[in-house]
Asks: 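Mind looking over this structure? Questions follow.
Throughout, protein chains are lettered first and strands after them, A, B, ... in sequence-line order, and every chain is numbered starting at 1. We use all heavy atoms of the structure for the numbers below, so side chains are in, but hydrogens, waters and symmetry mates are not.
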Amino acid sequence: MGTTAVTVPTRRRARPTRRLGGAGALGFGISTLWLSVIVLLPLAALVDRSLHDGLGEFWRDITARQAVAALRFTILISLAVTVINAVMGVLIAWVLVRDEFPGRRVVNALIDLPFALPTVVAGLTLLALYGDAVAYTKWAVLLALLFVTLPFVVRSVQPVLLALDREMEDAAASLGARPATVFRRIVLPNLTGAIVSGAALAFARAVGEFGSVVLISGNKPFDTQVTAVYAYKQVESDNATGAAAVSVTLLALSLGVLVALRVFERWATRHDR
Amino acid sequence: MTASRLALRFVALGYLAAILVVPVAFILYKTLEPGPAAVWRSITTPAAVHAFWLTIEVAAIAVPLTTLFGMVCALVLARTRVPGRSVLEALIDLPFAVSPVVIGLALFLLYGREGWLGPTLAEAGIQVIFSVPGIVLATVFVCLPFVVREVTPVLREVGDEAEQAATTLGASPWQTFRRITLPAVRWGLAYGVVLATARAIGEFGAVSVVSGKVSGETETLTLLVEKRFTNFDLAGAYAASGLLAAIALATLLAMTLINRKGAVA
Amino acid sequence: MITLSHVTKRYGERDRAFAALEDVSLEVAPGSLTSLLGPSGSGKSTLLRVIAGLEAPDSGTVILDGVDVTGVPPQRRGIGFVFQHYAAFKHLTVRENVAFGLRVRKWPKALIRERVDELLDLVGLTGYRDRYPSQLSGGQRQRMALARALAIEPKVLLLDEPFGALDAKVRADLRAWLRRLHEEVEVTTVLVTHDQEEAMDVSDRIVVLNEGRVEQVGLPRELYDRPANAFVMGFLGPVARLGGRLVRPHDVVVSAEPAAGAAEARVERVVHLGFEVRVELRLAGDGAVSAQLTRQEAEELGISPGDAVWVSAPTARTVIAG
């Protein structure tokens with residue numbers, strides 16, 4: 001325990017590193033090249049194709065009734081899932097960090113299951129379990145997305161909760177605050193950054209999810225079809241341009257969320273400096 | 001033991017059971033329902049065997065490439081002051097933000113018949129889309145961030161003093177890397193590799209678009225599950241799923257053990 | 001004001017259990033400043049937390065201002081607690097930190113503002129109202145923590161090694177400041193420390209703890225001059241062992257001539273510590289002894305390493321067999 005009161009995030013401040021000069025630049029070059037060829041180039045081709053038939057056609061592609069319905073459904077259900085898993089994520093992280101019960105370590109390990117299990121298996125699993133009543137409905141999509149996005153907020157909040165200065169909570173108690181108040185006024189404000197971080201990642205993941213929903217959502221257009229599945233169907237119907245246009249909107253959405261997250265993170269850590 | 005603590009625990013564990021545990025336990029049960037013999041037959045059909053080995057092959061190519069890239073990139077991010085590092089770091093996260101279908105489509109539009117590079121490659125006799133190279137590229141795309149994101153913070157945390165000491169003692173950069181840096185990050189590296197492997201094996205969406213799903217040629221295990229399901233071969237789909245689920249649990253076990261080792265080390 | 005009766009607290013299981021507190025009984029007078037003094041592991045912090053209600057004793061009772069609060073949570077005991085590492089609410093400003101206890105009690109806003117300003121003035125942090133704890137120095141944060149604890153008008157103020165995390169100079173300044181504050185505010189105060197100089201400087205009474213038990217309670221001077229046992233003597237000041245007795249080095253008399261009852265010794269080192277001189281001696285029989293002389297005494301003796309001298313402690317006021 002150091003002599004400062006402010007709990008320092010687990011990473012120490014980066015020590016000054018020597019300039020590697022040539023080797024560093026080479027490494028940077030290699031990394032950037034790899035990244036460009038593998039990631040950026042294909043995405044560029046995508047954007048290019050989406051405008052293949054002109055801006056007007058692009059607009060028509062993304063405002064097609066089915067496309068709009070899919071996007072609306074995707075965003076709404078992703079928001080719902082994000083909110084649910086944000087709340088549950090905090091709860092689960094709290095129980096994992098502050099509570100003790102037999103099998104806690106196993107439960108902790110299981111949180112990462114959605115990261116390890118193929119999405120298509122997850123979808124099939126939920127279908128098998130919840131059966132016909134739920135299959136092919138919005139609830140099926142909800143369950144699948146809940147599964148897939150579960151770990152994000154939990155894993156984001158856990159380390160912050162672990163590192164939180166317990167004495168702040170003792171202090172609040174000594175000043176007269178009941179446990180619920182202590183949580184609301186002291187713990188939660190210090191978790192906000194982590195919660196938003198995890199939630200943003202969960203949302204970005206949810207809007208693009210394909211594997212776990214494609215089998216079970218029955219893909220009823222205008223009802224339970226998500227944008228990723230719509231795009232896929234467009235590819236299958238040989239409408240690569242249309243698919244590309246819709247993909248670009250999806251891409252813009254996810255990227256927007258990631259950028260907003262970075263900006264937020266900078267603002268949120270201002271107290272720790 | 002207060003009532004509220006118990007209530008919280010109950011709600012948290014109940015939610016986890018409903019969303020996570022019960023489904024997976026159920027799939028394992030459903031997998032074994034027809035009996036071990038039937039399951040074995042199901043996962044040893046020619047299509048299944050090929051799908052298995054194809055999946056392994058793709059992972060065996062994609063993961064080492066990702067590891068190499070990840071290590072180089074982590075060194076650049078944590079050990080140099082090259083301007084543009086932060087842009088690189090931000091771009092690394094791109095694969096997390098892109099839907100698998102979009103990835104598949106993007107690759108299709110780059111390497112496909114009508115794509116930017118497609119015709120050129122076709123003339124050189126290389127087929128990417130609807131062939132194994134396409135699957136590999138898609139997998140490499142999605143696995144890209146994993147090793148970097150696990151190794152970089154470890155490198156930053158450890159600091160480079162030991163490496164500087166090695167240099168003053170006469171070690172060449174490669175020797176320093178092999179003897180000092182690599183051992184220092186081995187648990188972060190292992191964890192990243194395991195995550196990347198799990199991701200590679202489980203990739204579905206991107207591969208759906210680029211592979212053509214030709215059974216016995218370009219059908220991975222995940223694609224096999226989908227095919228069997230759409231062909232109403234539920235038992236067969238469960239069998240293949242069970243296999244993937246078992247691999248996933250093994251991955252989870254590896255992750256847990258590595259975490260423990262990493263924490264102690 | 002505070003009465004503890006037979007408080008016991010153990011940690012761990014069965015045969016690996018260790019007693020943090022063993023049958024501790026104690027009385028703290030209203031308006032006094034009492035120190036709980038002892039080495040690490042003596043149970044002093046645990047005792048303080050038991051008084052606060054942050055820990056529950058395995059057995060025994062805690063009575064605050066005539067009320068048995070043994071099962072009562074800290075929220076309702078009317079205590080103020082100050083932590084070694086400040087426990088500042090880092091996401092709140094200084095003003096909001098100090099106001100916290102009052103906001104929880106739902107005081108009217110205007111009244112809160114008034115009281116907070118009053119307290120910030122008392123602790124000298126008026127200009128820092130809208131800063132965040134991360135922008136304050138350690139000493140300032142601790143003053144803020146004190147203001148925060150005092151805001152709720154506690155019946156008892158509890159301080160857990162409040163200056164432990166600060167530099168020596170800041171520590172000394174704050175120590176003096178605390179004493180003045182206590183005289184002004186007159187709240188029953190209990191302070192935990194491992195620094196005997198701090199305890200002696202600041203307290204009305206000192207409670208010496210060792211391994212979960214109370215060794216002695218008394219005025220600082222009493223503890224120094226009439227320690228109950230070797231531990232207390234050793235903890236409160238330097239000790240020299242001479243002829244089967246423990247004496248204070250400044251009571252040791254060094255002479256060049258043999259004297260009645262004196263032991264023979266050889267001078268090993270003469271260390272000049274500014275205004276005093278420490279003479280390290282090896283006894284002829286066995287063992288080493290330190291004597292503390294004033295500069296004048298040392299000059300008059302004119303000794304140097306290697307000299308043979310005679311040591312005794314005829315006028316020693318603190319003597320214990322051991």
Asks: Tell me, side chain or backbone of B:Leu13 under 4.5 Å from chain A's heavy atoms, or both, or neither?
Replies: side chain
Asks: Which pair of non-hydrogen atoms, one from A:Ala128 and one from B:Tyr238, has the smallest distance, and what is that distance?
Replies: CB-OH, 3.1 Å
Asks: Show the nearest heavy-atom pair for residues A:Ile84 and B:Tyr15, with the distance to one decimal.
Replies: CG2-OH, 3.9 Å
Asks: For B:Leu249, is it the side chain, the backbone, both, or neither that has a heavy atom closer than 4.5 Å to a heavy atom of chain A?
Replies: side chain
Asks: Heavy-atom pairs under 4.5 Å with chain A are the metric here; pick the option from B:Ala106, B:Ala248, B:Gly202 that has the most.
Replies: B:Ala106
Asks: Considering the options B:Val72, B:Leu65, B:Leu68, which one meets the side chain to side chain contact (heavy atoms under 4.5 Å, CB included) requirement together with A:Trp34?
Replies: B:Leu65
Asks: Can you tell me how far the CG atom of A:Leu110 sits from the OG1 atom of B:Thr256, to the nearest 0.5 Å?
Replies: 8.0 Å
Asks: Can you tell me which portion of B:Tyr29 sits under 4.5 Å from chain A's heavy atoms? Options are side chain, backbone, both or neither.
Replies: neither
Asks: Quick one: closest heavy-atom pair of B:Arg5 and A:Arg98, and the distance?
Replies: NH2-O, 3.9 Å
Asks: Would you mind reporting whether A:Leu41 and B:Trp116 have side-chain heavy atoms less than 4.5 Å apart?
Replies: yes
Asks: B:Leu16 versus chain A, heavy atoms under 4.5 Å apart: side chain, backbone, both or neither?
Replies: side chain
Asks: As an exercise, state the distance from CG of B:Leu77 to CZ of A:Phe28, rounded to the nearest 0.5 Å.
Replies: 9.0 Å
Asks: Could you look at B:Val24 and say if it's the side chain, the backbone, both or neither that has a heavy atom under 4.5 Å from chain A?
Replies: both
Asks: For B:Ala90, is it the side chain, the backbone, both or neither that has a heavy atom under 4.5 Å from a heavy atom of chain A?
Replies: both
Asks: Heavy-atom distances under 4.5 Å only: say whether A:Leu258 touches chain B with side chain, backbone, both or neither.
Replies: side chain
Asks: Is it the backbone or the side chain of B:Phe26 that comes under 4.5 Å from a heavy atom of chain A, or both, or neither?
Replies: side chain
Asks: To the nearest 0.5 Å, what is the distance between OG on A:Ser31 and CG on B:Leu91?
Replies: 11.5 Å
Asks: Considering only heavy atoms, which portion of B:Ser208 lies under 4.5 Å from any heavy atom of chain A: side chain, backbone, both, or neither?
Replies: both
Asks: Tell me, out of B:Ser99, B:Pro95, B:Pro173, B:Gly242, who's got the most heavy-atom pairs with chain A below 4.5 Å.
Replies: B:Ser99
Asks: Quick one: what part of A:Val235 sits under 4.5 Å from any heavy atom of chain B, side chain, backbone, both or neither?
Replies: side chain
Asks: What is the minimum heavy-atom distance between B:Pro100 and A:Gly208, and which atoms define it?
Replies: CD-O, 3.5 Å
Asks: Give the minimum heavy-atom separation between B:Phe141 and A:Val39, together with the two atoms involved.
Replies: CE1-CA, 3.5 Å
Asks: Side chain, backbone, both or neither: which part of B:Thr222 has a non-hydrogen atom closer than 4.5 Å to chain A?
Replies: both
Asks: Below 4.5 Å, heavy-atom pairs only: which of B:Gly84, B:Gly104, B:Ala240, B:Gly115 has the largest tally toward chain A?
Replies: B:Gly84
Asks: Going by heavy atoms in the side chains, are A:Pro114 and B:Leu20 under 4.5 Å from each other?
Replies: yes
Asks: Go through the steps to decide whether A:Leu129 and B:Lys30 satisfy the test side chain to side chain contact (heavy atoms under 4.5 Å, CB included), and finish with yes or no.
Replies: CA-CA 9 Å; A:Leu129 184 62; B:Lys30 265 291 201 225; over 6 Å; no
Asks: If you draw a 6.0 Å radius around CG in B:Asn231, do more than 12 non-hydrogen atoms from other residues or ligands fall strictly inside?
Replies: yes
Asks: With a 4.5 angstrom heavy-atom cut-off, is it the side chain or the backbone of B:Leu144 that approaches chain A, or both, or neither?
Replies: side chain
Asks: Any residues in residues 42-49 of chain A near chain B, with a heavy-atom distance under 4.5 Å, and which are they?
Replies: A:Pro42, A:Leu43, A:Ala44, A:Ala45, A:Leu46, A:Asp48, A:Arg49
Asks: Could you tell me which of B:Pro23, B:Gly112, B:Gly205, B:Ala198 has the largest number of non-hydrogen atom pairs under 4.5 Å with chain A?
Replies: B:Pro23
Asks: Which is it for A:Leu117 and B:Leu244 under the side chain to side chain contact (heavy atoms under 4.5 Å, CB included) test, yes or no, and what are the steps along the way?
Replies: CA-CA 7 Å; A:Leu117 195 68; B:Leu244 284 167; 5.8 Å; no
Asks: Pair up each side-chain donor or acceptor in residues 140-157 of chain A with any protein partner under 3.5 Å, not counting sequence neighbours, and list the distances.
Replies:
unit_1   : atom_1 : unit_2   : atom_2 : d
A:Thr149 : OG1    : A:Asn85  : ND2    : 2.8
A:Thr149 : OG1    : A:Leu145 : O      : 2.7
A:Arg155 : NE     : A:Asp112 : OD1    : 3.1
A:Arg155 : NH1    : A:Asn108 : OD1    : 2.9
A:Arg155 : NH1    : A:Gln158 : OE1    : 2.6
A:Arg155 : NH2    : A:Asn108 : O      : 2.6
A:Arg155 : NH2    : A:Asp112 : OD2    : 3.1
A:Ser156 : OG     : A:Ala194 : O      : 2.7

Asks: Can you tell me which portion of B:Val87 sits under 4.5 Å from chain A's heavy atoms? Options are side chain, backbone, both or neither.
Replies: neither
Asks: Which of the residues A:Leu40, A:Leu127, A:Val246, A:Ile92 is involved in the greatest number of heavy-atom pairs with chain B at under 4.5 angstrom?
Replies: A:Ile92
Asks: Return the CD1 to CG distance between B:Ile27 and A:Leu126, rounded to the nearest 0.5 Å.
Replies: 9.0 Å
Asks: OG of A:Ser212 to CZ of B:Phe204: how many Å apart, nearest 0.5 Å?
Replies: 10.0 Å
Asks: Heavy-atom distance under 4.5 Å to chain A: side chain of B:Val22, backbone, both or neither?
Replies: both
Asks: So how far is it from B:Ser241 OG to A:Leu124 CG, rounded to the nearest 0.5 Å?
Replies: 4.5 Å
Asks: Measuring heavy-atom distances to chain A, does B:Pro83 have an atom under 4.5 Å in its side chain, in its backbone, in both, or in neither?
Replies: backbone
Asks: Given heavy-atom pairs under 4.5 angstrom as the criterion, report whether the side chain, backbone, both or neither of B:Ala18 touches chain A.
Replies: both
Asks: Can you name the nearest heavy-atom pair linking A:Phe101 to B:Arg9, along with the distance?
Replies: CB-NH1, 3.6 Å
Asks: Do you know which of B:Val225, B:Thr197, B:Val76, B:Ile247 has the most heavy-atom pairs under 4.5 Å to chain A?
Replies: B:Val76
Asks: Under the side chain to side chain contact (heavy atoms under 4.5 Å, CB included) criterion, do A:Leu255 and B:Leu94 qualify, and how do the steps go?
Replies: CA-CA 8 Å; A:Leu255 282 180; B:Leu94 261 179; 3.1 Å; yes
